[in-house]
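Positions are given from 1, in the same order as the sequence printed here.
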Amino acid sequence: EVQLVESGGGLVQAGGSLRLSCVASGFIFGDYAIGWFRQAPGKEREVVSVLWTSDGGTYYADSVKGRFTVSSDKAKNTVYLRMVSLKPEDTAHYYCAASPEPHLIYGMGPEEYDYWGHGTQVTVSS
């Protein structure tokens, strides 16, 4: 059974940093893509970053490029999202999602992912 568990969210002031973790189980780490998504109240879920664990390829949304960094520790089956220079508009519930890489088209749509964690809340105060 595939499971994803996020942690690391919290309340931080604008300009601050957080590191989110996504611990994955139930699949071979190198066969799956891991996406980080976020959803703010009243808004659609949007992609933040994608990590293709087979080759380490990454994608970042323009809104977070240069501020967020995705990485992984295969020994711990964990994917991280390091977030710096946080802005109030980054406030959202953050989710990690996983899907076998061959299942993805571009990896940027939530509908492309088979498995989801429950998410962790990030709140950035101004």
Side-chain angles (χ1 to χ4, degrees):
E1 179 187 3
V2 174
Q3 288 190 330
L4 302 168
V5 180
E6 304 94 332
S7 62
L11 173 63
V12 64
Q13 288 188 332
S17 304
L18 286 172
R19 189 182 75 164
L20 306 184
S21 300
C22 173
V23 180
S25 61
F27 61 85
I28 299 174
F29 207 66
D31 293 343
Y32 277 61
I34 306 294
W36 282 101
F37 290 80
R38 66 186 182 186
Q39 188 166 18
K43 294 189 177 181
E44 293 186 353
R45 193 169 297 190
E46 62 176 1
V47 67
V48 173
S49 181
V50 180
L51 173 68
W52 281 269
T53 61
S54 61
D55 64 3
T58 59
Y59 164 81
Y60 296 96
D62 287 343
S63 59
V64 306
K65 204 171 291 183
R67 301 188 297 121
F68 290 12
T69 305
V70 65
S71 62
S72 67
D73 183 337
K74 291 188 176 182
K76 296 182 178 179
N77 265 22
T78 300
V79 176
Y80 302 100
L81 185 68
R82 175 69 173 165
M83 308 184 295
V84 302
S85 301
L86 283 162
K87 304 175 182 181
E89 51 263 44
D90 294 318
T91 295
H93 206 72
Y94 283 70
Y95 300 87
C96 68
S99 199
E101 290 188 5
H103 288 192
L104 300 179
I105 301 175
Y106 298 107
M108 300 169 200
E111 70 280 358
E112 297 185 63
Y113 288 82
D114 297 329
Y115 306 100
W116 291 83
H118 292 295
T120 185
Q121 178 67 30
V122 172
T123 302
V124 185
S125 63
S126 57

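Between His93 and the options Gln121, Arg38, Glu6, Gln39, a side chain to side chain donor-acceptor pair (under 3.5 Å) holds for only Gln121.
Put simply, the side chain of Trp116 does not reach to within 4.5 Å of the side chain of Val2, judged on heavy atoms. Inter-residue side-chain proximity for Ile34 and Val70 is flagged as unmet; no heavy-atom pair is nearer than 4.5 Å. With a 4.5 Å cut-off on side-chain heavy atoms, Ser99 and Asp114 count as touching. Using a 4.5 Å cut-off on side-chain heavy atoms (C-beta onward), Cys22 and Leu4 make contact. Contact annotation: the side chain of Leu81 approaches that of Ser49 to within less than 4.5 Å [non-hydrogen atoms, C-beta and beyond].
Closest approach of Ala92 to Ala40, counting heavy atoms only: CB-N, 3.9 Å. Listed here is the closest heavy atom pair of Ser17 and Val12: N-CG2, 3.9 Å.
Taking the ring axis of Phe37 as reference, the NZ or CZ atom of Arg45 does not stay both within 45° of it and closer than 6.0 Å to the ring centre.
A distance of 9.0 Å separates OG in Ser7 from OH in Tyr80, rounded to the nearest 0.5 Å. Remark: Thr120 OG1 to Leu18 CG distance equals 8.5 Å, nearest 0.5 Å. Note that CD of Gln3 is 11.0 Å distant from CZ of Phe27, once rounded to the nearest 0.5 Å. The OG atom of Ser72 sits 13.5 Å away from atom CH2 of Trp52, with the distance rounded to the nearest 0.5 Å.
When atom types are taken as modelled, the side chain of Thr53 and the backbone of Tyr32 share a donor-acceptor pair closer than 3.5 angstrom. The closest donor-acceptor contact from the side chain of Thr58 to the backbone of Leu51 lies at 3.5 Å or more, if one exists at all. Without hydrogens or angle criteria, Tyr113 side chain to Leu104 main chain gives no donor-acceptor distance under 3.5 Å.
Remark: Lys87 does not engage Asp90 in a salt bridge, criterion side-chain N to carboxylate O under 4.0 Å.
One hydrophobic cluster, built from ILVMFWY side chains closer than 4.5 Å, holds both Leu20 and Tyr60. Transitive grouping of hydrophobic side chains (ILVMFWY, heavy atoms separated by less than 4.5 Å) keeps Val79 and Val47 in distinct clusters. Hydrophobic clustering (side-chain heavy atoms under 4.5 Å, transitive across Ile, Leu, Val, Met, Phe, Trp, Tyr) keeps Tyr59 apart from Met83. Connection of Trp36 to Val64 is established within a shared hydrophobic cluster, with ILVMFWY side chains joined at heavy-atom distances below 4.5 Å, either directly or through further cluster members.
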**OP:** Begin from the C-alpha positions of Tyr95 and Val48 and carry the test side chain to side chain contact (heavy atoms under 4.5 Å, CB included) through to its verdict.
**Re:** CA-CA 10 Å; Tyr95 300 87; Val48 173; over 6 Å; no
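Summarising the local packing, NZ of Lys74 is surrounded by more than 12 heavy atoms from other residues, nucleotides or ligands at distances under 6.0 Å.
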